[in-house]
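Notes to accompany the following structure.
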Amino acid sequence: MGESAGLVVGVLGALPSLAAAGTLVWAVGCPRATARRRLGRLARPATVCAVLSLATSFALPKTGAGSGWKLAEVAVLLLLLAVVSRWSPLRELASALPPAVLAVALWPLPLVAGESFAEAVGIATFWLLPAVAAVVAGAYPRRQELRRRSAVAEARSAQRLQLSRDLHDFVAHDISGIVVQAQAARFVAATDPTQALRALERIEKAGLSALAAMDRTVQMLHGPEAAPATEPLPGVSQLPSLLEDFTSAGATEAHLDLPPPVAEALSREVGSAAYRIVVEALTNVRRHAPDASRVTVVFTPTATTVELRVTDDGDARSAPARRRASRGGLGLPALTEHAQALGGTLSAGPHGDGGWQLTAVLPATLPKETP
């Protein structure tokens, strides 16, 4: 009778170990793609194994053979703790960790029932350490994976923002120029074919510029490892040709005041931002103030900055449309954020009798004057 009772106690004592080991075998004993899904579903089986371990630790009579099963059981529970901490969803993880940690930390207490309370706390604390180590071993790669995904998501967001800026700043400018030239060519085609031919040439030039901007966008989508296939983004050195094309495309005359020291003082990134700002300002003039007769682009250097002002003399009737565009458009808010990221500022508003002025202050390193 005693032998059969001991056999039953031994079988029950081995049950948590066998259940935990069977759970791990079930999770990994399958193709790799399926194993990943199964590893993420171990939280509930781990909870069941931990509850069985606690029950057999405190409810069954203690035997020498039982302690051997308990050591094997603790080892398998530690593996389950690491796997659950790595792969299980957070909601299920919160319910699986407490019983599993308790099962590992409290298993020796029934074997030392005669010890003092302080000694029992010390023993439980000692066995708590491997449980914490198992949780950390599983949580660390999980945290690294989350950080990697967050970095990838941020990089993709930055790339999408850069793509939208390129499309808005350059392609939209060239397309609006094409529309203006096409409208002009339609009116003069019958009376002055020479002017229509020139308009078609300017349309071709603007189309090629738009295609170049699209090439830069596609190149960015290919990733940083791809070799650059187009020229870098333009800077302030391309502003004279930009304003010349703007003047030839319509009735608005554009003037540029760019002192030579300014172009040298702006870094490549700041120079590209200045070019974008001028492009956006000219595009807005073309869209919202087609009656403007003059646009001035003035760069004014100071001790540590360069002030950029783009001013037009558009009709006062176009101001409401501009205010709506400044509130709802994407160009100026994006450029304002870009200027602030570089350490500068950007603002726009009415100027004079119905005109409009865009003002940007950008950081610069100006050469010191020699006496």
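The salt bridge (charged side-chain N to carboxylate O under 4.0 Å, His left out) test applied to Arg148 returns Glu145, not counting sequence neighbours. Listed by chain and residue number, nothing satisfies the salt bridge (charged side-chain N to carboxylate O under 4.0 Å, His left out) test with Glu92 (two or more places apart in sequence, or in another chain). By the side chain to side chain donor-acceptor pair (under 3.5 Å) test, Arg294 is found to be paired with His255, residues two or more places apart in sequence or in another chain being considered. Among residues two or more places apart in sequence or in another chain, the side chain to side chain donor-acceptor pair (under 3.5 Å) test is passed with Glu269 by none. For Thr311, the side chain to side chain donor-acceptor pair (under 3.5 Å) partners at least two apart in sequence or on another chain are Gln357. Among residues two or more places apart in sequence or in another chain, the side chain to side chain donor-acceptor pair (under 3.5 Å) test is passed with Thr296 by none.
Rounded to the nearest 0.5 Å, atoms CD (Glu119) and CD1 (Ile123) are 7.0 Å apart. Interatomic distance, Glu73 CD to Leu80 CG, rounded to the nearest 0.5 Å: 10.5 Å. One finds the CG atom of Leu106 at 9.0 Å from the CG atom of Leu128 (value rounded to the nearest 0.5 Å). How far CH2 of Trp127 is from CG of Leu78: 8.0 Å, rounded to the nearest 0.5 Å. With values rounded to the nearest 0.5 angstrom, Leu358 atom CG is found 7.0 Å from Ser347 atom OG. Between atom OH of residue Tyr275 and atom CD1 of residue Ile277 there is a gap of 13.0 Å, rounded to the nearest 0.5 Å.
Residues Trp356 and His288 form no side-chain contact, since every pair of their non-hydrogen atoms from C-beta on lies 4.5 Å or further apart. Thr359 has its side chain out of reach of Leu346: every pair of non-hydrogen atoms, C-beta onward, lies at least 4.5 Å apart. Proximity of Thr302 to Thr305: side-chain heavy atoms (C-beta onward) are separated by under 4.5 Å at one or more points. Residues Thr252 and Asp312 form no side-chain contact, since every pair of their non-hydrogen atoms from C-beta on lies 4.5 Å or further apart. Counting heavy atoms from C-beta outward, Val297 and Asp257 have side chains that stay 4.5 Å or more apart. At a threshold of 4.5 Å between non-hydrogen side-chain atoms, the residues Phe299 and Val236 count as touching. With a 4.5 Å cut-off on side-chain heavy atoms, Leu242 and Phe246 do not count as touching.
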From CA spacing to verdict: side chain to side chain donor-acceptor pair (under 3.5 Å), Asp313, Ser293: CA-CA 7 Å; Asp313 59 355; Ser293 61; 2.7 Å; yes
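A side-chain donor-acceptor contact under 3.5 Å links Ser85 to the backbone of Leu81. Side-chain N or O atoms of Ser150 include none that pairs as donor or acceptor with a backbone N or O of Leu146 at under 3.5 Å. With hydrogens and angles ignored, the 3.5 Å screen pairs a side-chain donor or acceptor of Thr247 with a backbone N or O of Ala254. Side-chain atoms of Gln238 come within 3.5 Å of backbone atoms of Gly235 as a donor-acceptor pair (strictly under, hydrogens ignored). Without hydrogens or angle criteria, Arg86 side chain to Gly138 main chain gives no donor-acceptor distance under 3.5 Å.
For Pro363 against Leu266, the heavy-atom pair with the smallest separation is O-CD2, 3.9 Å. Between Ala339 and Leu362, the closest heavy-atom pair is CB-CD2, 4.2 Å.
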